[in-house]
Engineer: 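First the structure, then my questions, so here it is.
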Amino acid sequence: MTEAWRRVWADHPRATGTALVLLGALVASLVSLGNGFTLDDVLVIQVRERLHTLRDPLALLTTAYWQLPPDDTLWRPLGLASFALQWVIGDGAPVIFHATSIALYLAVSVAVLALARAVLPPVGALAAGLVFAVHPVHVESVGNIVGQLELWVALAVLLAGVLYVRGRRAGALSAATIAAIVACYALGLGMKEHAVLLPAFLILLEVTVLRDAPAMSPEMSPEMSPHARARVRMLFGLCATLALLWLAVRSGIVGGLAGDRPHVALKGLDAAERGWVMLALLPEVVRLLVWPVRLYADYSPQFVAMHPTPNGAHLPGALLLLALLVASAWAWRRDRALALGLLWVPLALALVANLLVPTGILLAERTLFLATVGVALVAGALVSRLQGVLSRRSPTWRTASVVAGASVIALGAAHSAERQHVWKDNETLMTSLVVDAPTNFRGHYWLGDDLLRRGRLLEGEQMMRRAMQLWPEHDGPPLGLALRYQERGMCEPALPLYQTALRLEPRKPTPYFGYASCLLTLGRLHEARQAAFGGLQTGRSAAAFRFLIVQADSALAATDSAASNNWWKRRRGLQ
């Protein structure tokens, strides 16, 4: 560090630290500005006409997130409204969405720095901010447009945390602080479901870096005034009321309290079996949080192994879990900021770990975004402790440590920037997944479907067949290939694929409709009629299935010459 930089740091430490964090976040994310719509971006935003206008804002706030029956189980009203606003501003140009993601990422990085400054010494806080700003696991949340929802939730949680820490240390929480925290909670809940954990993060701050016991317990926290305690209780009461209201409205819109459609690999597993599956995946989660050198767009079978019953594959995860418990217990007594970081990680993963309820993912980098705040705080706490050790060493040691730390930050930023290219478009992303994870069925499925849509039939079919071999329990590949066959008038090879899809997912209307339509095209009228009636039982697209039934009935009446009492022909003098 030159003398000029030392003077700048000495004169303006907070401004310089903020600038460094912003620079790191910008380097890590700026490349995404050239990305387009990929994966869920296409279904949620690009082809969804309702999100291309602001003429009916109420519809945006009262519609399900996916609108892909029967999977209308998620409600993210502010997320959809924000996508619609960005579409209107940029007339559908993806650059507006990605610019918004970058701006949000910069804001979240600064919020992490602010929280770290509230609980750590200056050098440790800067280290935490930099580690977060360049963490490569954030690429999916920034490079994929729908990842904005992760950014919004993290921003809401962090702002609420900073406000809570500052308010508690100032004495009683002010009315303005309470209102701002509740507003952050409302924002987060409107963006994505795991924001419901925000009060739990505030409690975590309370029991680690603020006091030795929760403020709501007067017996264990007698130093708090009754007024201060009442304000804290008011805050949590308002948050609880808001959460209950959100659950009630959400249930009314999506028809229940269930989460997303479970990942196909979790289908039929109970809570204990899901727990074993996730314990076996824990080493991969830790790797992504601590050393994310290798990144993937999807983590599904057979790329990740499924272990729903106890065996030797669970030993590494069990040892890591034990290490976390031991480290947390040690930090609880010695370093509360370190304890905060260690406990933040499992709390952030609580709703996406498939333990309480099954979710639509086994593991995804975007769902680790909030957890990396804990990783950053742990890094900052360790740097703070290391600083004390290095202060007793020679200047050479201190210089070497600064160089090593700066190198790690630079490598993280470079790796993140390079990885952003993978999310440029669907073909780039899917091809990279097939190359990087050749045993992942979803990579072959996604790429196969994309190739078929673009008319590359042979390559697409090969990819789809490979996906079915890798994971035969997923209905997507056979259904996707059957639809592409039918589009080209190839109903004979489509029929067995539709039958496979119906066996795997009998509540979906799409395979019923395709199967019945193909049977109708092939003149198998009785079977077509039966399949259409089966589709009616799904409770979806009733008008379409009734139309197929009418078509089958009409064709039967006109062509069924085997019946001597064919009333249609007799009525028209044809018999």
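Bear in mind that the values here come from a model prediction, so they are computed numbers and not experimental data. When reading the values below, keep in mind they use all heavy atoms of this one structure, side chains included, and skip hydrogens, waters and symmetry mates.
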Engineer: Can you see whether T439 engages R466 through a side-chain donor-acceptor pair at a distance of less than 3.5 angstrom?
Structural biologist: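 On atom types as modelled, these side chains do not qualify, holding no pair under 3.5 Å.
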
Engineer: Specify whether Y105 and F369 have parallel, tilted or perpendicular ring planes, treating 30° as the upper limit for parallel and 60° as the lower limit for perpendicular.
Structural biologist: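 Aromatic pair Y105/F369 classed tilted.
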
Engineer: Does a donor on one side chain sit under 3.5 Å from an acceptor on the other, for R442 and S300?
Structural biologist: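 The criterion, which ignores hydrogens and geometry beyond distance, is satisfied for S300 and R442.
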
Engineer: Between R76 and E193, is there a side-chain N and carboxylate O pair less than 4.0 Å apart?
Structural biologist: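 Yes, this pair counts.
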
Engineer: Give every donor-acceptor pair under 3.5 Å between a side-chain atom in residues 25-32 and any protein atom, sequence neighbours left out.
Structural biologist:
unit_1, atom_1, unit_2, atom_2, d
S29, OG, A25, O, 2.7
S32, OG, S29, O, 2.6

Engineer: Report yes or no: do N426 and D450 form a side-chain donor-acceptor pair below 3.5 Å?
Structural biologist: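 Judged by distance alone, the side chains do not pair up.
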
Engineer: On the six-membered ring of W332, is R334 placed so that its NZ or CZ lies under 6.0 angstrom from the centre and within 45° of the ring axis?
Structural biologist: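 Not satisfied by the 6.0 Å and 45° rule.
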
Engineer: Take atom CD in Q469; do more than 12 heavy atoms of anything else shown fall under 6.0 Å from it?
Structural biologist: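 Yes, the 6.0 Å shell around CD holds more than 12 heavy atoms from other groups.
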
Engineer: Does the side chain of S416 pick up a donor-acceptor pair with the side chain of H135 at under 3.5 Å?
Structural biologist: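 No donor-acceptor contact under 3.5 Å links the two side chains.
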
Engineer: Within a reach of under 6.0 Å around CH2 of W344, are more than 12 heavy atoms found that belong to other residues, nucleotides or ligands?
Structural biologist: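 Result for CH2/W344: enclosed.
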
Engineer: When the side chains of residues 470-477 are checked against the rest of the protein, which donor-acceptor pairs come out under 3.5 Å, sequence neighbours left out?
Structural biologist:
unit_1, atom_1, unit_2, atom_2, d
H474, ND1, G476, N, 2.8
D475, OD1, R261, NH2, 3.1
D475, OD2, K508, NZ, 3.0

Engineer: Quick one: list whatever passes salt bridge (Lys or Arg N to Asp or Glu O under 4.0 Å) with R166, sequence neighbours left out.
Structural biologist: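 In terms of salt bridge (Lys or Arg N to Asp or Glu O under 4.0 Å), with neighbours along the sequence ignored, R166 is linked to no residue.
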
Engineer: Parallel, tilted or perpendicular, judged at 30° and 60°: which one describes the rings of Y299 and Y296?
Structural biologist: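 Perpendicular: the ring planes of Y299 and Y296 meet at over 60°.
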
